[in-house]
There are 2 protein chains.
Amino acid sequence: MSKPAARTPTLEDVARVAGVSRATVSRVINGIRNVDSGIQETVRKAIQATGYTPNQAARSLVTRRAGTIVLVMAGAPGQGEEFATQVFADPFFGRVAGGVVNFLRNHGIHPVLMLAETDKARAEVVDFLRRGNADGALLVSTHPEDPLPRRLVDAGLPAVLFARPARPVPISYVDMAHQAGAALAADHLISRGRTRVVTICGPLDVPAAQARLAGFQQAMARHGHPYIPTAEGGFTQQSGEAAMTRLLAEHPDLDGVFAANDLMAHGAVLVLQKNGRRVPEDVALVGFDNSPPALASRPRLTTVVQPLEEMAAEMARILLERIESPGQSPRSVIFDPALVIREST
Amino acid sequence: MSKPAARTPTLEDVARVAGVSRATVSRVINGIRNVDSGIQETVRKAIQATGYTPNQAARSLVTRRAGTIVLVMAGAPGQGEEFATQVFADPFFGRVAGGVVNFLRNHGIHPVLMLAETDKARAEVVDFLRRGNADGALLVSTHPEDPLPRRLVDAGLPAVLFARPARPVPISYVDMAHQAGAALAADHLISRGRTRVVTICGPLDVPAAQARLAGFQQAMARHGHPYIPTAEGGFTQQSGEAAMTRLLAEHPDLDGVFAANDLMAHGAVLVLQKNGRRVPEDVALVGFDNSPPALASRPRLTTVVQPLEEMAAEMARILLERIESPGQSPRSVIFDPALVIREST
DNA sequence: ATGAAAGCGCTAACAA
DNA sequence: TTGTTAGCGCTTTCAT
C-alpha cells in the first residue's frame with residue numbers, strides 16, 4: 001500500500017504535499033520574502049511531514065558555491081610522512097584549527113582539513129578548490145618559502161594566510177607584531193634587573209623568528225645593551241637544550257634568557273637547572289607563545305602571548321568576506337602581543 | 001576575437017575540442033576501459049588544452065556520493081565554548097586527527113572537521129550527512145554517554161567510533177585492549193621490585209578508565225597484591241597533582257605509581273619531587289598514552305603506548321569499506337598495547 | 001505573490 | 001567502441 005521506494009524526499013515531494021510549486025518551497029527554505037505567510041506555514045508543515053533535507057550537491061551545482069572552505073596546514077618540505085601525524089600534536093596548529101572551527105561553526109560552515117607539505121599535496125589543494133569542492137582556503141604554514149600562496153593567487157582562488165609570506169605575494173594575511181612582542185620580553189628582563197642577557201632565536205629563514213630576534217635586539221639596545229649573544233634553535237625542545245648549552249658554555253655568567261618559543265624555553269630551563277642555575281633567582285627566563293609547555297615547565301614560564309584563536313577567527317572572517325565579495329585588494333590584520341608573567345622571572 | 005566569457009571549461013568544451021561526445025570524455029576521466037587508446041590520447045590532450053577540472057557538485061548529484069567524510073570530535077557536555085578552542089590542544093585528538101588525515105589522503109579524500117559537544121552541534125552533524133555533504137562519519141568522543149552514535153545508527157548513516165560506546169549500539173568501532181595495557185604496567189612495576197603500589201585512575205564513567213583500573217588491579221592481584229590504594233583524577237595534570245597529594249598523605253611509604261594517563265603521571269612526578277621523593281629511586285612511576293608530556297617530564301616517563309595513528313587509520317579504513325558496501329553488520333577491531341620503558345622506572 | 005520552465009555539469013542506461 | 005539521451009535536485013529568470 002505504502003510507497004516501497006524509500007527515496008530521500010526532494011523539493012518536488014514537499015511541493016506536492018504542500019500543494020504549491022517547487023519554486024515556492026525553494027523560496028521559503030531560502031528565506032526569500034514575497035511569500036504569503038499562510039503558504040509559508042503550509043510549506044513548513046510539509047517539510048516537517050516529509051522529513052525533507054536540501055541536497056547540497058544540487059544546490060551547489062546551480063549556485064556555484066560549495067558552502068565550505070579548506071583549512072590547509074603546510075609544513076617544511078622533507079618532513080614527509082612524519083608531518084601528517086605530527087602536525088596536530090603541535091599545539092600551535094591545534095589552537096589555530098580550534099579558532100577557525102569555532103568561528104566558522106557560527107556561520108554554519110565546516111572546514112575541510114588538508115595537509116600540504118609536498119608538491120603533490122599542494123597540487124591537490126589547488127585541484128580541490130578548482131573542482132569547486134570548497135570556496136576558498138585558509139593557509140597555515142611554518143614554511144616561509146611555501147609556493148602555495150603564489151599558486152592560489154595565480155589560480156584566482158580566495159585565500160588568507162596565517163603570517164606574512166617571506167616573499168611578497170598579493171594575498172591577505174593575519175599576523176602578530178612579533179617585534180613588539182619580543183620588546184615586551186626585553187623590557188621585562190630589564191625591569192627584573194638583568195644585565196647579562198642572551199637569546200635563543202628561531203630558524204632565521206622564518207620571518208617571525210627574524211622579527212622576534214630583531215625586536216629583542218633593538219629593545220635591548222635601547223636599554224643600553226647593543227650586543228646580545230645569540231644561539232639559533234629550531235623551535236623544538238631539544239634544539240632549545242642545545243642552544244642553551246652553547247650559550248652557557250660561552251657566557252657562564254648570564255642572568256637572563258629570551259627564547260623565541262616556549263618549547264625551546266622549556267629545554268633551556270632543564271639545561272640551566274642541570275647546570276646548577278636556579279630559575280629565576282640566578283637566571284630569569286622569558287618564552288614566547290603561552291603554549292602548554294609554558295605551564296608544564298617548572299617554574300612555569302613568563303611568556304609572550306600570541307592571540308592565536310582570535311587571529312584564526314579573523315583569518316576566517318576575512319576569507320568569508322572575500323568569498324562574498326571578490327575582487328577586493330588584499331588586506332592584512334596585525335595583532336598585538338601581551339606578556340604573561342609567571343614564576344620564571 | 002577570443003571568447004570574452006572566461007567560463008570554467010566543462011565536459012562539453014573538452015568534447016568539442018577532442019571531437020568526441022561528452023560520454024567518451026567522461027569515460028576517459030573515470031578510467032573506464034572500452035575506449036580506443038588513440039581517442040584516449042586525443043581526449044587527454046583536449047583536457048590539457050582546455051584546463052578542464054571536473055565539477056564535483058555535478059558529479060555528486062548523479063553519483064549520490066560526496067566523496068568526503070566527516071571527522072567529528074565530541075567532548076563532554078558543559079565544556080561549552082571552551083571545547084572548540086581546546087580540543088586540538090589535546091594531543092590525543094591531534095594524533096587521531098593526524099592518523100585519519102594521513103590515511104585518507106592516500107585515497108584522495110579529505111575529511112571535514114566538526115565538533116559535537118552540544119545538542120545543536122550533534123544535530124548539525126546528522127544534518128550535514130543527510131544533506132549528502134559527506135558519505136559517513138568518524139566519531140571520536142571522550143564522552144561515554146554520547147547520544148550521537150545512536151542517532152547516526154537510527155538515521156542509517158555509515159559511522160565508525162573511536163572506543164567502544166558505554167551503552168551497546170550496533171555500530172563499528174576500534175579500541176585498544178586497555179586492561180592488557182594496564183597489566184603491562186603492573187607487571188613492570190613488580191619486575192622493578194615495587195611492593196607498595198598505588199594508582200591514579202581516570203574518571204570512572206569513562207569505559208577506558210574503568211578498564212585500565214580493572215586491568216591494573218587484576219594484574220596486581222595475580223602478583224599477590226589484592227588491594228591497591230586508588231585516587232580518581234580527571235585526566236588533567238592538575239587532577240594528577242591532587243590525586244598524588246592525597247595518596248602520598250595516606251600512604252607516605254608508597255614506592256610505585258601507575259597513572260591512567262601521562263598528563264596525570266606528570267602531575268604526580270611534580271608532587272612526588274616537591275615532597276622529597278626521587279623518581280625512580282624512591283618511587284617508580286608508569287604513565288599511559290606515550291604523549292608529549294611523557295617526554296617533556298623529567299625524568300621521562302615509562303608509559304603504555306596506545307597506537308593512536310594506526311587505530312585512526314583502521315577506523316577510516318572500516319568506514320570507507322562500509323560506504324563502499326553498505327548493509328554489513330558492525331565490526332570492531334581491538335589493538336594491542338605496548339610498554340615504552342624510560343627513566344621513571 | 002506564485003508558477004512554469006530552463007538549465008547548472010555530470011553519469012549511466014540504452015542504442016547503434 | 002562510441003554517441004544519444006534522460007535525468008540527478010535545485011535555483012532563478014520570466015511570465016502571469
Side-chain angles (χ1 to χ4, degrees), chain A residues 5-44 46-47 50-68 127-135, chain B residues 5-44 46-47 50-68 127-135:
Chain A
R7 282 185 316 100
T8 128
T10 71
L11 262 197
E12 188 72 49
D13 299 322
V14 179
R16 196 178 318 112
V17 171
V20 298
S21 72
R22 282 209 305 278
T24 300
V25 180
S26 176
R27 289 186 185 109
V28 171
I29 286 169
N30 295 299
I32 294 174
R33 44 185 184 292
N34 297 348
V35 177
D36 181 275
S37 60
I39 292 192
Q40 288 208 27
E41 199 48 40
T42 316
V43 170
R44 271 184 230 297
I47 290 175
T50 52
Y52 171 75
T53 316
N55 177 310
Q56 183 61 40
R59 185 179 273 175
S60 291
L61 184 55
V62 39
T63 59
R64 294 155 179 296
R65 275 287 162 64
T68 313
D127 233 54
F128 192 83
L129 289 160
R130 298 221 323 144
R131 273 163 157 52
N133 264 319
D135 301 323
Chain B
R7 282 185 315 99
T8 128
T10 71
L11 262 196
E12 189 73 49
D13 299 320
V14 179
R16 196 177 319 109
V17 171
V20 298
S21 73
R22 283 210 304 278
T24 299
V25 179
S26 177
R27 288 185 186 111
V28 172
I29 287 169
N30 294 301
I32 294 174
R33 44 186 184 292
N34 297 348
V35 178
D36 180 275
S37 60
I39 292 191
Q40 288 208 25
E41 199 49 37
T42 315
V43 170
R44 271 184 231 296
I47 291 175
T50 52
Y52 171 75
T53 315
N55 178 311
Q56 182 62 40
R59 186 179 273 176
S60 291
L61 184 55
V62 39
T63 59
R64 293 156 178 295
R65 277 287 161 64
T68 312
D127 232 54
F128 191 83
L129 289 160
R130 297 221 324 144
R131 275 169 165 38
N133 265 318
D135 302 322

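By convention in this document, chain letters (A, B, ...) are assigned in the order of the sequence lines, proteins followed by strands, and residues within each chain are numbered from 1.
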The criterion is side-chain hydrogen bond (donor to acceptor under 3.5 Å, both in side chains); which residues satisfy it with Glu41(B), sequence neighbours excluded? none
Applying salt bridge (Lys or Arg N to Asp or Glu O under 4.0 Å), name anything that partners Arg131(B), two or more places apart in sequence or on another chain. Asp127(B)
Return the set of residues passing salt bridge (Lys or Arg N to Asp or Glu O under 4.0 Å) with Asp135(B) (not counting sequence neighbours), or none when no residue passes. none
Using the side-chain contact (heavy atoms from CB on, under 4.5 Å) criterion, which residues pair with Ser26(A)? Sequence neighbours excluded. Leu11(A), Asn30(A)
Kindly calculate the angle separating the two end axes of the helix from dA1(C)-dT16(D) to dA16(C)-dT1(D), each obtained from five base pairs, and round it to 10 degrees. 30°
Go through the structure and list residues passing side-chain contact (heavy atoms from CB on, under 4.5 Å) with Val20(A), not counting sequence neighbours. Ala18(A), Thr24(A), Val25(A), Ile39(A), Val43(A)
Output all residues satisfying salt bridge (Lys or Arg N to Asp or Glu O under 4.0 Å) with Arg22(B), sequence neighbours left out; order by chain, then residue number. Glu12(B)
For Thr42(A), all residues meeting side-chain hydrogen bond (donor to acceptor under 3.5 Å, both in side chains), sequence neighbours excluded: none
Does Arg64(B) have any side-chain hydrogen bond (donor to acceptor under 3.5 Å, both in side chains) partners at least two apart in sequence or in another chain, and if so, which? none
Output one letter per nucleotide in nucleotides 6-16 of chain C: B when a protein non-hydrogen atom lies under 4.0 Å from the base, S when only the sugar-phosphate is that close, - when neither is. B-BBBBBB---
Nearest heavy-atom approach of Thr8(A) to Asp13(A) is O-OD2, 4.4 Å
Phosphate OP1/OP2 of dA4(C) contacted by Ser21(A) side-chain N/O (<4.0 Å): no
Across all chains, not counting sequence neighbours, the ring pair (Phe, Tyr, Trp, His ring centres under 6.0 Å) partners of Phe128(B) are His110(A)
Chain A on DNA chain D: first and last contacting nucleotide, 5' to 3', under 4.0 Å to a heavy atom? dG9(D) to dT13(D)
